[in-house]
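Inspection log for the structure reproduced underneath, given as structure tokens.
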Number of protein chains: 2
Amino acid sequence: MNIDQIIDNIYCIPETSRLLLKENINEVRLPKGYLLFKADKVETAVYFIKRGIARAYTYQNDNEITFWFGKEGDTIISMKSYVENKKGYENVDLLEECDLYELKTTNLQKLFDKDIHIANWGRKFAEKELIKTEERLISRQFQTASKRYKQLLTDNPDLLQRVQLSHLASYLGITQVSLSRIRAEK
Amino acid sequence: MNIDQIIDNIYCIPETSRLLLKENINEVRLPKGYLLFKADKVETAVYFIKRGIARAYTYQNDNEITFWFGKEGDTIISMKSYVENKKGYENVDLLEECDLYELKTTNLQKLFDKDIHIANWGRKFAEKELIKTEERLISRQFQTASKRYKQLLTDNPDLLQRVQLSHLASYLGITQVSLSRIRAEK
DNA sequence: ATTCTTTTTTAACATTTGTAAAATTATTAA
DNA sequence: TTAATAATTTTACAAATGTTAAAAAAGAAT
């Protein structure tokens, strides 16, 4: 998934604005297992995933809890860092070798004040992330773990091949034992 | 909480832009129990709460599940309607008589394309809502119902006086019986 | 104040989910 | 291939939460 597709997918902007944005984006290749974000740091960049898969997790009395997976086309971002310039809760590690598009947030902020199309692009970005986050919240509040697991399978059939079940279990908010029980059910 | 405070609290914009925004906002008083949003409708306005308290809920096999409370300074919005022009999941009713500032989304969209300050204000609005939604998700995934109840008490001590426990229980994702047990604990 | 209605708590029991440890299966490296 | 390691499932039991129904408490209406 290339950078033009990713930009347009968020919100279509005129060619000149897109070029302005792309001037501030550069591509990086990082190895599997690479720790991209650390929970105790203010992150200074956002990343768009060209290829690969990543995971965000945090610690809850000594055990890792995975709360996000991102793959091709998704954005790796620490919202707390991006919006409030504060430390986030997320550690992000790469579950595969990844090609990422890197964009420094300070540069992006400058573009927001200069170009109305990019400002609206940034607005659309936040709005779309918001919808995704809200859907995760709703699904978590309204659906049983079992239903959410099945939903995940239909929405992201590849995920099961790409991430291990212990991560998936904590993502679903249940133990690995419970997930095994759910998988054994049918 | 007046409209200038509410606007500035989201993001400070120049006087001229604020006036432009305020031209499109009008105040309404609505009675307790009023059903402001319906789940099967595309909502065409957003509301800022000047005074009062509201609740968003949805149905999950015949029982109501409350998933949001809003009070003075908060925004009543159907994100699905606002962002994607689709039906949302929320019914919103007013738990007290409310004074609301109403803003039609079509008018707001026009301002976004015309005024870069308002575009950035809209961006900040989405970003701040995103942070709030993310925090709710994180709290829901990482904390027990008991801890979330106690957190709610410290964050919003007035909430307990203003909403009934059955709503609070479903908001916390537990039954009313469980909530009673939690409250009885200490 | 008294009745009626609604809200909240309590109780008993069923179901779900968690914990810890062992068994199985899959993956990696020599 | 084989041993070593890591991931997943299974088991048995414990703890937490749900269900249903009844009791108690609080609030509203006459």
Side-chain angles (χ1 to χ4, degrees), chain A residues 31-35 53-55 57-67 69 93-97 139-153 156-186, chain B residues 31-33 35 53 55 57-67 69 93-97 139-153 156-186:
Chain A
K32 176 174 174 170
Y34 187 84
L35 192 61
I53 189 162
R55 168 181 81 104
Y57 63 95
T58 194
Y59 288 96
Q60 189 66 6
N61 28 285
D62 286 359
N63 26 357
E64 254 181 46
I65 301 188
T66 297
F67 61 94
F69 293 110
D93 65 2
L94 307 182
L95 302 178
E96 298 172 357
E97 180 184 77
S139 133
R140 172 157 281 271
Q141 183 153 16
F142 300 161
Q143 303 298 137
T144 61
S146 171
K147 280 203 184 150
R148 281 185 287 126
Y149 171 72
K150 280 155 195 163
Q151 192 62 45
L152 202 67
L153 284 199
N156 301 72
D158 57 321
L159 212 63
L160 208 63
Q161 322 307 322
R162 297 173 84 182
V163 315
Q164 62 185 57
L165 292 178
S166 58
H167 294 158
L168 220 88
S170 82
Y171 177 81
L172 293 169
I174 55 179
T175 60
Q176 189 166 348
V177 175
S178 276
L179 180 55
S180 271
R181 281 197 272 243
I182 288 169
R183 284 159 57 81
E185 266 173 28
K186 198 194 48 236
Chain B
K32 176 173 174 171
L35 192 60
I53 189 162
R55 169 180 81 104
Y57 62 95
T58 195
Y59 289 97
Q60 190 65 7
N61 27 284
D62 285 358
N63 26 357
E64 253 182 45
I65 301 188
T66 297
F67 61 94
F69 293 110
D93 66 2
L94 307 181
L95 303 179
E96 298 172 357
E97 181 185 75
S139 134
R140 173 157 280 273
Q141 183 152 17
F142 301 161
Q143 303 296 137
T144 60
S146 171
K147 280 202 183 152
R148 281 184 288 126
Y149 171 72
K150 281 154 196 162
Q151 193 62 46
L152 201 68
L153 284 198
N156 301 70
D158 57 321
L159 212 63
L160 207 63
Q161 321 308 321
R162 298 174 85 182
V163 315
Q164 60 184 60
L165 292 178
S166 58
H167 294 159
L168 224 95
S170 82
Y171 177 80
L172 293 169
I174 55 180
T175 60
Q176 189 167 348
V177 176
S178 276
L179 181 54
S180 271
R181 280 197 274 245
I182 287 169
R183 284 159 59 80
E185 267 173 26
K186 201 195 44 240

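Per chain, numbering begins at 1; letters A, B, ... match sequence-line order.
- Among the nucleotides dT10(C), dT8(C), dG18(C), the one closest to any side-chain atom of T175(A) is dG18(C).
- A salt bridge between R55(A) and E96(A) is absent, with no side-chain N of the basic residue lying under 4.0 Å from a carboxylate O of the acidic one.
- One atom, CD of E185(A), and another, C1' of dT15(C), lie 13 Å apart when rounded to the nearest Å.
- Side-chain contact check for R183(B) versus L160(B): some heavy-atom pair is nearer than 4.5 Å.
- Residues I53(A) and L159(A) have side chains in contact (heavy-atom distance under 4.5 Å, counting atoms from C-beta outward).
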* To do: Applying ring-ring contact (aromatic ring centres under 6.0 Å, His included), run through F69(B) and Y171(B) and close with a yes or a no.
  => CA-CA 9 Å; F69(B) 293 110; Y171(B) 177 80; 5.1 Å; yes
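- Contacts of S178(A) with the nucleic acid, taken as non-hydrogen atoms under 4.0 Å apart, involve only primed sugar atoms and P, OP1 or OP2.
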* Asked: Would F67(A) and T58(A) satisfy side chain to side chain contact (heavy atoms under 4.5 Å, CB included), going step by step from the backbone distance to the final call?
  -> CA-CA 8 Å; F67(A) 61 94; T58(A) 194; 4.1 Å; yes
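- For R181(A), the listed nucleotide lying nearest its side chain is dT17(C); candidates were dT9(C), dT17(C), dA20(C).
- Boundaries of the chain B contact region on DNA chain D are dT17(D) to dT20(D), first to last in 5' to 3' order (nucleotide atom under 4.0 Å from a heavy atom).
- Residues L168(B) and L152(B) are in side-chain contact: their nearest non-hydrogen atoms beyond the backbone lie under 4.5 Å apart.
- With sequence neighbours excluded, no residue satisfies ring-ring contact (aromatic ring centres under 6.0 Å, His included) with Y149(B).
- Counting non-hydrogen atoms under 4.0 angstrom, I174(B) reaches the backbone sugars and phosphates but no base.
- Using a 4.0 Å cutoff on non-hydrogen atoms, the parts of residues 162-172 of chain A near DNA chain D are Q164(A), L165(A), S166(A), ordered by number.
- Figure legend: R140(A) and F142(A) shown without cation-pi pairing, the cationic atom not lying both under 6.0 angstrom from the six-membered ring centre and within 45 degrees of its axis.
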